[in-house]
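Not measured: the values here are computed from a predicted model.
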Amino acid sequence: MSETNPAAAAEVAAPHRYTAALAADIEARWQDFWDADGTYAAPNPKGDLAGDPELAAKPKKFIMDMFPYPSGAGLHVGHPLGYIATDVFARFQRMTGHNVLHTLGFDAFGLPAEQYAVQTGTHPRVSTEANIENMKIQLRRLGLGHDKRRSFATIDPDYYKWTQWIFLQIFNSWYDDEARTARPVSELVAQFESGERALPGGRSWNELSAAERADVLGEYRLAYASDAPVNWCPGLGTVLANEEVTADGRSERGNFPVFKAKLRQWNMRITAYADRLLDDLDALDWPEAIKLQQRNWIGRSEGARVDFPIDGERITVFTTRPDTLFGATYMVLAPEHPLVEKFTPAAWPEGTHDVWTGGHATPAQAVTAYRAQAASKSDVERQAEAKDKTGVFIGAYATNPVNGERIPVFIADYVLMGYGTGAIMAVPAGDQRDFEFARAFELPIHCIVEPTDGRGTDTSTWEDAFSSYDAKIINSSGESVSLDGLGVAEAKTRITEWLERTGIGEGTVNFRLRDWLFSRQRYWGEPFPIVYDEEGIAHALPESMLPLELPEVEDYSPRTFDPDDADTQPETPLSRNEEWVDVTLDLGDGRGPRRYRRETNTMPNWAGSCWYELRYLDPHNGRQLVDPEIERYWMGPREGQPHGGVDLYVGGAEHAVLHLLYARFWSKVLYDLGHVSSVEPFHKLFNQGMIQAYVYRDSRGIAVAAAEVEERDGAYYYQGEKVSRLLGKMGKSLKNAVTPDEICAEYGADTLRLYEMAMGPLDVSRPWDTRAVVGQFRLLQRLWRNVVDEATGDVTVVDAEPDEDTLRALHKAIDGVRGDLEGMRFNTAIAKVTELNNHLTKASGAVPRSIAEPLVLLVAPLAPHIAEELWRKLGHEGSVVHQDFPVADPAYVVDETVTCVVQVKGKVKARLEVSPAISGEELEKVALTDEKVVAALDGAGIRKVIVRAPKLVNIVPV
RNA sequence: GCCGGGUUGGCGGAAUGGCAGACGCUGAUGUCUCAAACACAUCUGUCCGAAAGGACGUGCGGGUUCGAAUCCCGCACCCGGCACCA
């Protein structure tokens, strides 16, 4: 024995104590065992992953995490929170009779992986694959029960072959609004050929050129290229989806300015699915907050389209308040509205108001100047100036169809081209924005809703617009329709009927959702399986040419620009490889080998995550993206899940509208085209909270190493200097990252798992506290000691009958833990296990086997390594993973006696030990004769006695 | 501005109409040890009290109820989302 090595001395005294070293040994052994044994292999009903028929016959559970980006920074303890939670849940499901599919892949395309690669100067594939390997090692140490046969990365050609294939399915589809389903474009062509569907302009399909046909089909395809204003981000060198742009007009990633630029880009016609994406939310088991965010994003508004005649033509507006049509005193078009030029006359009409012209000599000049001004403004500036309404008269008048009034037409940037029809009827009395504009441009304000707040009908005295759904319509009578005296709802109905009867308009539903910009000027993404012929017509590559692999290029980094320079144009890295771009191919369409140019944009990083749940099911299938029978087994609709989908999907709330909306859209298209049986990808969604960490900053505001900060008397010091403390994110840049590796080294993975689950409810964010981790370590140490002799390593459990108290403690724990695990309340489940274990620790004598065994099973989902080891020590062959979870005996779940509190006027005055079966009358009698109660009543008369047997009696004195 | 979520000991949290503070951390004291660490044991919401015991207490103000952390109304603060969406 060495006097100078106390740790060694302790080990000699208790060589079989549950220490970090022993935990490491146990964990490594069982992780190897699981890999070799294939413990977590979930059998498919057929195919290469078919297996154990007994397991396959059980009800299925598909439990999934949002898969990680393999960033170069590695994991900190915040990352695996959700993975541990799904793993605990999956293990519990395995022990309660389910065939559980649980695995994890890697989302490895996209900006972060690419930027890391650019920073480190290595090829994205090399650095990404290294990161994946590193992350796999980190994750393996946590003991996650993944079916590793099913893992993949989105960058694997075998995977993105099918991402490309799905893109082509979408490209080759159109949305049939009447049938409310996607259909192959070939069926649309057949309709055009037969004349069943009319072509715009009344032409016949046969007389169209190939280019014209392509243009017509482009109007229908669910994936289409178009010249449209997109979010161009010079700082990132790419365009971005609306969802990737923040409210203040900057890129979500990198926080660079974003400008509107007109560029030819690929889009997904997600708007065709707006109503279904909205309606189908109802049957999903998702947090209401997330559903609400999606509903707001889709933004359904009921209203009407109304045609306003102008110069023998018409401008269509969308309004949610057709009942206020009589109050429309002017019209506003978005500056970029395509009809603006058409109606802009050569000269200002006689007597044009000076404030309307913006000081310009002609309407054309005014329009051009205003458009230039609007385009140069970044969204940030627009935001800041939102209060000051700007605009200019285009020199033309339209007619209000309901009363024949001549109303001026303006352009103004408060009307957005992307919403509705890009044109509005302005009702300044009822709409605050219109009101402000009318005041600024001295336009008339007609009161058409009777104010209910006493302000009167003289609008010249008003300070703001008046709007109420409870008010009555006034001043709204015309020759053919009158709304006077009606409430808002009735007026809407009547005017909509009138609009439809006269053909002037129609009731309609409008959505805020826009089409999804689907191309990026990046290297590290899926190439589009699209080539262009000499006429510039896009052609799909045949399936036999998939996957279209990413070519090598000399410089894969994106061409970025001065972030503030809007006058730049994106340049795609793939366009730098002329040999790859310029190809001669036979597409198998009967045209023979021809020269084509490849599409050089790549898909956005969302593409790979839009369908990965399906590939987990049948990851090695070379002929189909997933076998239909296998898909139906794991994903198909069933009772309570009318749209099918993954049984549990856990991830951060930051994906509320991006990934989750896109994945739902792809799922619906695949369903419509008959490739899958599930309409929705994720039946139940759970958002885990964030693990936060304290950030310590010195007087300059610079973050200092959190691990080296000392606390004295409620203040914090770093190297003697006082520092401030704030709760923030965990990360390298804030110098407060704690890695799972550190915690595993100090306590073991089981302790880390327990601590993360015990910190609090899974859906709430909470601060990491390394000091507190030891609490869960002690739990495992006591658990170990309750079964194993620390000196000899022998099992100490005895075959004696447990006492009543212990039996009750066990069955109450079983009952509670079962419910808590089912409800994903892992923190309280651990508290109940701890209580039982503490009970055993405190009880004198060895633990009976009939208690120790179920205890180990209770622990197994939470701390699987130690559970395996104890299970083996208790004399069982094989793994604990597929054992049955204990079932509580109801006879022991209730206590033999319960404590009944007796209150007087709601204050506890006495406690009685009574039988749980005691009757109300009996209990009342006992309570009223209790001496403490008698003393508390002090002779006062009794007005009322409330009895809730057996737990409570409340006596109300007079 | 609109919408959603939250506020409980020194800290993380438990209790969703019936004993507020389960479980854990921290802290105090003790056992073990030459000593320390580990481990174990007892205590640890605040105030009054030597103690027994008592009073107060779940962001603030009101209400419903025999009884409210929990339900209702109003307010403050914090976090998240959306935002000129007609």
Quick check with a 6.0 Å cut-off and a 45 degree axis cone: is Arg725(A) positioned over the face of Tyr694(A)'s six-membered ring?
yes
If we take the C1' atom in both G27(B) and G10(B), what is their distance in whole Å?
9 Å
Distance test, side-chain N/O of Lys951(A) to OP1/OP2 of G18(B), below 4.0 Å:
no
Go nucleotide by nucleotide along RNA chain B from the 5' end; which of Ala289(A) and Asn954(A) gets its closest nucleotide reached first?
Ala289(A)
Please work out if Leu952(A) contacts a base, only the sugar-phosphate, or nothing of the nucleic acid, heavy-atom cut-off 4.0 Å.
base
For Trp784(A), does the six-membered ring have the charged nitrogen or CZ of Arg17(A) within the cation-pi criterion, i.e. under 6.0 angstrom from the centroid and within 45° of the normal?
no
Can you list the residues that meet the side-chain contact (heavy atoms from CB on, under 4.5 Å) rule with Pro287(A), with sequence neighbours excluded?
Ile290(A), Leu685(A), Asn687(A)
If you assign each of Met759(A) and Tyr419(A) to its closest nucleotide in RNA chain B, which residue comes earlier from the 5' end?
Met759(A)
Annotated protein contacts, base or backbone, on nucleotides 22-28 of chain B with a non-hydrogen cut-off under 4.0 Å, one of B, S, - each:
BSSSS--
Have a look at Glu288(A) and say if it touches a base, only the backbone sugar-phosphate, or nothing, with a 4.0 Å heavy-atom cut-off.
nothing
Could you tell me which residues satisfy side-chain contact (heavy atoms from CB on, under 4.5 Å) with Val934(A), sequence neighbours excluded, listed by chain and number?
none
Tell me if the side-chain of Arg785(A) makes a donor-acceptor pair with the base of C40(B), cut-off 3.5 Å, by modelled atom types.
no
